[in-house]
Amino acid sequence: MYNCNHDLNIILYFGLKGIKTKTSRIKEIHFSLPERDQILICFDGAAKGNPGVAGFGFIGRNNNNECVGAMVGGLGIATNFVAEMMALVMAGEWAVSKSLLNVVFSLDSQAVLKAFTGNAIPWMILNRWKKVMSQLRSVSFRHAYREANFSADKIAKKGATLSRGEIVRYENKPSFIGNMEDMNTTYFRFY
């Protein structure tokens, strides 16, 4: 306990092995807004269980840190992966409907990022995604750790409380979000 001979003798007498400890590493994470004339759409999907009652949500932000719209929706029973896929498609369709054609999608799922950047899009949403892509001028993806994507995480969890097919649209920042990610704040990831 105090790293002295007496402690060592007790440990040796009882034949105790060393206790493994897990060391944490800390990584600084920064949030950034889109460039001028771009829209940043932070999205996420959530499922209560996997599969379970699922929903999606996204928030659109401009380069002035203004929320230009948001949406939450219920999906019924689905996996978290499907919920995140639907969040991306719905966010893309929303951007097209608002004529926001230079889009940066921000997500915390490496699996969804890999699927969409590697053209491994599931058949169930492929046609909808192709239609979105044909209308957008510029699309890019950025991975964001959950610690700097918390507003999307929160809005997706709200979507998981809705009934299947129920969608709620917001023209401004939803009141239940509270604080959103800030460029001038350093976030930390412990792993």
Within-4.5 Å side-chain heavy-atom neighbours: [X] and [Y]:
| X | Y | answer |
| --- | --- | --- |
| I155 | P174 | yes |
| L88 | W129 | yes |
| F43 | F56 | no |
| I59 | I41 | no |
| N65 | M183 | no |
| K154 | K158 | no |
| K173 | S151 | no |
| K48 | T161 | yes |

Indicate if [X] and [Y] have the same hydrophobic cluster label, given that clusters are the connected sets of ILVMFWY residues with side-chain heavy-atom separations under 4.5 angstrom.
| X | Y | value |
| --- | --- | --- |
| F150 | F58 | no |
| F141 | F81 | yes |
| L40 | M133 | no |
| I29 | F188 | no |
| M90 | V104 | no |

### Message
Can you tell me if Y13 has over 12 outside heavy atoms packed within less than 6.0 Å of its OH?
### Response
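Check fails, neighbour count at 12 or below.
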### Message
For the CZ atom on R146, are there more than 12 heavy atoms of other groups (residues, nucleotides or ligands in this structure) within a distance under 6.0 Å?
### Response
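Incorrect, the count does not exceed 12.
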### Task
Run the salt-bridge test on E93 and K98 with the 4.0 Å N-O cut-off and return the result as yes or no.
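No, no charged N to carboxylate O under 4.0 Å.
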#### Entry: Ionic contact status for E181 with R61, cut-off 4.0 Å
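Yes, charged N to carboxylate O under 4.0 Å.
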If every non-hydrogen atom of [X] is compared with every non-hydrogen atom of [Y], which pair is closest and at what distance?
| X | Y | value |
| --- | --- | --- |
| N62 | V68 | ND2-CG1, 3.8 Å |
| N172 | C67 | C-SG, 3.7 Å |
| L162 | V72 | CD1-CG2, 3.7 Å |
| A148 | F31 | O-CD1, 3.8 Å |
| W94 | G69 | CZ2-CA, 3.7 Å |
| D44 | A152 | CB-O, 3.5 Å |

Value rounded to 0.5 Å, distance of [atom1] in [X] from [atom2] in [Y]:
| X | Y | atom1 | atom2 | result |
| --- | --- | --- | --- | --- |
| N102 | S140 | CG | OG | 9.0 Å |
| K114 | N119 | NZ | CG | 13.5 Å |
| Y191 | S24 | OH | OG | 10.5 Å |
| T186 | E147 | OG1 | CD | 13.5 Å |
| I167 | L75 | CD1 | CG | 8.5 Å |
| R142 | D108 | CZ | CG | 13.5 Å |

I'd like to know if the side chain of [X] and the backbone of [Y] have a donor-acceptor N/O pair within less than 3.5 Å.
| X | Y | value |
| --- | --- | --- |
| Q38 | E35 | yes |
| Y187 | K27 | no |
| R189 | R25 | no |
| N64 | E66 | no |
| N149 | A144 | no |
| T79 | V82 | yes |

### Message
Once you measure the plane-to-plane angle for Y170 and F176, does it fall in the parallel (<30°), tilted (30-60°) or perpendicular (>60°) bin?
### Response
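If you compare the ring of Y170 with that of F176, the planes turn out perpendicular.
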### Query
Once the angle between the rings of H143 and Y145 is folded into 0 to 90°, is it parallel (under 30°), tilted (30 to 60°) or perpendicular (over 60°)?
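Perpendicular, since the angle between the ring planes exceeds 60°.
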### Message
Centre-to-centre under 6.0 Å for F105 and F116, is that the case here?
### Response
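Ring centroids of F105 and F116 are no less than 6.0 Å from each other.
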### Message
Quick one, E84 with N80, criterion side-chain contact (heavy atoms from CB on, under 4.5 Å). Give me CA distance, side-chain angles, the key distance, then yes/no.
### Response
CA-CA 6 Å; E84 297 217 12; N80 194 51; 3.5 Å; yes
